[in-house]
Protein chains: 2
Amino acid sequence: MNIREVAKKAGVSTATVSRVVNGTVPVSAQIERQVRSAIKSLGYYPNTHARTLGSGRSHMYGLIISDIANPFFPDIAKCFERIAVEHGQELLIANTDYQPKRMQVCVRRMLERKVDGVAIMTSEMDPKLVQLLNRRGVPIVFLDTGRVGPNISNIFIDYVSGIEQAIEHLVSLGHTKIAFVSGPRTLSSAKIRSNAFTLSLKKKGLRYSADYMQTGNHRIDGGQVAMARLLKLRIPPTAVMASNDLTAIGMMRAIHAAGLRVPEDISVMGFDDIEISNFLQPPLSTIRVPRVEIAVSAFTALYAASHKHVNNGTEYRISTELVIRQTTGLVKG
Amino acid sequence: MNIREVAKKAGVSTATVSRVVNGTVPVSAQIERQVRSAIKSLGYYPNTHARTLGSGRSHMYGLIISDIANPFFPDIAKCFERIAVEHGQELLIANTDYQPKRMQVCVRRMLERKVDGVAIMTSEMDPKLVQLLNRRGVPIVFLDTGRVGPNISNIFIDYVSGIEQAIEHLVSLGHTKIAFVSGPRTLSSAKIRSNAFTLSLKKKGLRYSADYMQTGNHRIDGGQVAMARLLKLRIPPTAVMASNDLTAIGMMRAIHAAGLRVPEDISVMGFDDIEISNFLQPPLSTIRVPRVEIAVSAFTALYAASHKHVNNGTEYRISTELVIRQTTGLVKG
DNA sequence: CCTTTGAATGCAATCGGTTACAGAACTACC
DNA sequence: GGTAGTTCTGTAACCGATTGCATTCAAAGG
């Protein structure tokens with residue numbers, strides 16, 4: 001079932017069929033009817049690969065993320081995909097599994113598949129790989145790297161505002177000993193979050209202690225381990241912030257395992273506001289990172305670059321917001 | 001940067017380059033070296049679309065699921081993808097968003113992209129669509145539909161064993177008033193689970209009441225609403241089973257909202273055993289559906305069909321298992 | 001030394017579309 | 001009626017690979 005058969009059946013040339021299918025050039029009503037009926041009766045659908053080969057446009061955007069099992073990302077992917085499909089584009093997802101070296105494979109896949117643009121929402125990019133994409137003319141949108149340039153956009157997330165609100169909130173509850181469990185060192189957004197934390201801490205005039213800065217892995221188990229370490233300190237913190245909600249969940253687990261209660265003994269603050277956080281017992285206080293806005297911005301950036309020939313990158317600014325639920329309470333005693 | 005340039009640079013024909021890249025036919029060591037060095041110096045990578053067009057194989061499998069935001073699926077997708085990449089295949093994910101009519105779009109995408117096989121892990125398939133795929137020779141593997149045939153495999157999950165264990169467990173704790181909150185009616189696996197529940201109930205000689213069968217949507221909010229309804233009954237159940245863990249989470253929320261406690265007042269049993277369930281407070285008792293095995297079976301089925309020309313479908317049997325945590329306890333009073 | 005055999009390589013058709021360009025048909029206007 | 005302009009349609013050259021078949025060349029066998 002190819003375009004030639006349709007053309008034969010409708011008594012026209014393949015060019016005309018192509019034009020009817022794509023609506024690129026006006027076709028007389030009579031012929032259009034013939035072609036559509038031929039398409040219907042043969043059950044014809046175009047071969048994407050042939051189409052891409054001929055036109056140079058794949059109608060696919062790539063999305064590179066670190067872990068599809070982290071609920072933060074599926075939400076973005078889902079939203080992005082919905083918008084993309086509405087605009088006649090599709091989505092190809094690639095995972096790096098938190099391993100920077102898998103990035104190369106992902107980028108290669110994107111190039112091989114000739115995507116019309118790539119959204120990169122994962123760890124430090126090797127500049128070489130960025131260059132590779134850029135030189136091939138593939139529009140890029142980053143999450144959180146700050147880089148903007150020709151064909152490179154960026155979604156800047158203002159972590160500082162959310163974190164400052166969070167610290168203010170904790171301070172107002174009487175906390176002064178506040179710890180932080182960060183994400184993997186390789187992840188740029190994790191680094192930004194932890195830097196924003198120390199900065200805000202100093203701004204509030206609070207003591208900063210290296211013991212209070214632990215490293216997690218953005219997964220539940222990492223939070224659990226890190227919290228266990230914090231609890232063993234001579235002077236444990238009275239409040240703990242996590243670099244993402246999964247980490248916070250692990251931390252709560254460790255706190256319970258130690259026979260302590262949240263928030264009576266220790267306050268916990270998450271980061272991201274994934275869906276589940278509102279349904280934990282107690283519901284998690286956290287800093288919301290708006291995922292719909294991220295998805296929309298990412299799509300907008302790529303669409304502008306690939307369809308409207310906008311070649312200068314844009315910076316999208318998105319702010320975070322404190323969500324107070326029930327894991328933060330008055331300092332003990 | 002196409003194959004012709006590589007051929008020119010290496011002083012050979014494009015056919016030879018193709019053979020070096022694919023390793024389909026032996027090439028002399030000398031020439032192979034020339035070609036490889038040309039590839040490297042030009043930074044050549046093949047165009048997937050041209051390759052697919054020429055060979056008829058896309059090296060992609062499709063995965064159709066109902067909701068990427070349900071943690072059950074990303075786990076499967078992740079595992080499937082890892083195995084696929086190890087075997088030189090890739091993964092194209094499509095969501096139906098629980099809407100049966102979106103299935104058509106998904107199938108169409110799969111056909112257009114010429115996938116080498118499709119794993120369908122979502123609601124009732126329109127037989128017409130199955131036929132469409134089948135006639136085009138696309139191998140299919142279903143989750144939970146029971147259908148097996150030429151080029152159609154199935155992964156059968158033995159829900160009954162897990163559910164029976166669960167009911168036995170609840171009965172041993174003294175429960176007799178056990179309710180069930182099912183998934184969306186359109187989802188075949190949801191129906192199977194709820195049927196297995198009523199069956200097991202009868203087998204244990206327990207009274208079955210229509211009031212105790214509620215419908216959810218496999219998301220948290222649905223569980224919450226359904227549980228609220230159950231709590232308003234004249235004689236509320238003392239134990240509740242959910243068709244999946246997200247539903248159970250919503251149910252626990254409703255129970256807490258009503259000022260009751262789990263498991264002291266009501267026991268809750270989930271279904272799936274998603275990662276988060278072990279980290280809830282209290283950790284959720286549930287029925288584990290082994291996702292790694294599902295992913296492995298699905299891949300195995302498609303790989304056998306597409307690479308080893310195994311045309312008769314296989315039935316893979318996977319059993320479920322009771323996981324007792326802390327949301328199930330002795331009946332009250 | 002010539003033929004046979006087999007392995008390595010090249011030639012060119014092919015996959016299924018897109019699209020620049022040419023040409024046809026039709027209208028409009030002088 | 002002739003010319004210009006517009007609108008639709010067809011022809012055929014691509015896009016970048018794969019692969020059946022023909023060819024070349026060297027080693028083996030007679």
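Chain identifiers are assigned alphabetically (A, B, ...) following the order of the sequence lines, protein sequences preceding nucleic acid strands; residue numbering begins at 1 within each chain. Note that the structure is predicted; figures quoted are calculated from it, not measured.
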For the pair Lys9(A) and Glu5(A), find out whether any cationic side-chain nitrogen is under 4.0 Å from an anionic carboxylate oxygen.
-> no
Leu53(B) has an atom CG; how far is it from atom C1' of dC15(C), in whole Å?
-> 4 Å
Decide, yes or no, whether a salt bridge links Glu90(B) with Arg113(B) under the criterion of side-chain N to carboxylate O below 4.0 Å.
-> no
Rounded to the nearest Å, what distance is computed from the CZ atom of residue Arg4(A) to the C1' atom of nucleotide dA12(D)?
-> 12 Å
Nearest-Å distance, CD1 (Ile3(B)) to P (dT19(D))?
-> 11 Å
Would Arg147(A) count as a cation-pi partner of Phe142(A), with NZ or CZ less than 6.0 Å from the six-membered ring centre and within 45° of the ring normal?
-> yes
Any side-chain N or O of Asn2(A) less than 4.0 Å from the OP1 or OP2 oxygen of dG16(C)?
-> yes
Determine: side-chain N/O of Tyr45(B) to OP1/OP2 of dG16(D), distance under 4.0 Å, yes or no.
-> no
Find every protein N or O atom lying less than 3.5 Å from an N or O atom of nucleotides 23-25 of chain C, and list the pairs.
none

Can you tell me if the side-chain N/O atoms of Asn22(B) get under 4.0 Å from OP1 or OP2 in dT18(D)?
-> yes
Short N-O contact, Asp67(A) and Lys78(B), less than 4.0 angstrom | yes
What does the list of N/O pairs under 3.5 Å between the protein and nucleotides 5-11 of chain C look like, with a distance for each?
from    : atom 1 : to       : atom 2 : distance (Å)
dT9(C)  : OP1    : Ser28(B) : OG     : 2.6
dT9(C)  : OP2    : Ser28(B) : N      : 2.7
dG10(C) : OP2    : Ser13(B) : N      : 3.0
dG10(C) : OP2    : Ser13(B) : OG     : 3.1
dG10(C) : OP2    : Thr16(B) : OG1    : 2.4
dG10(C) : N7     : Arg19(B) : NH2    : 2.7

What is the distance, rounded to the nearest whole Å, between atom CD of Gln30(B) and atom P of dC25(D)?
-> 17 Å
Salt-bridged, Arg51(A) to Glu112(B), with N to O below 4.0 Å?
-> no
Nearest listed nucleotide, side chain of Ser55(A), among dG16(C), dT19(C), dG17(C) = dT19(C)
May I have the distance from Arg57(A) (atom CZ) to dG16(D) (atom P), rounded to whole angstrom?
-> 15 Å
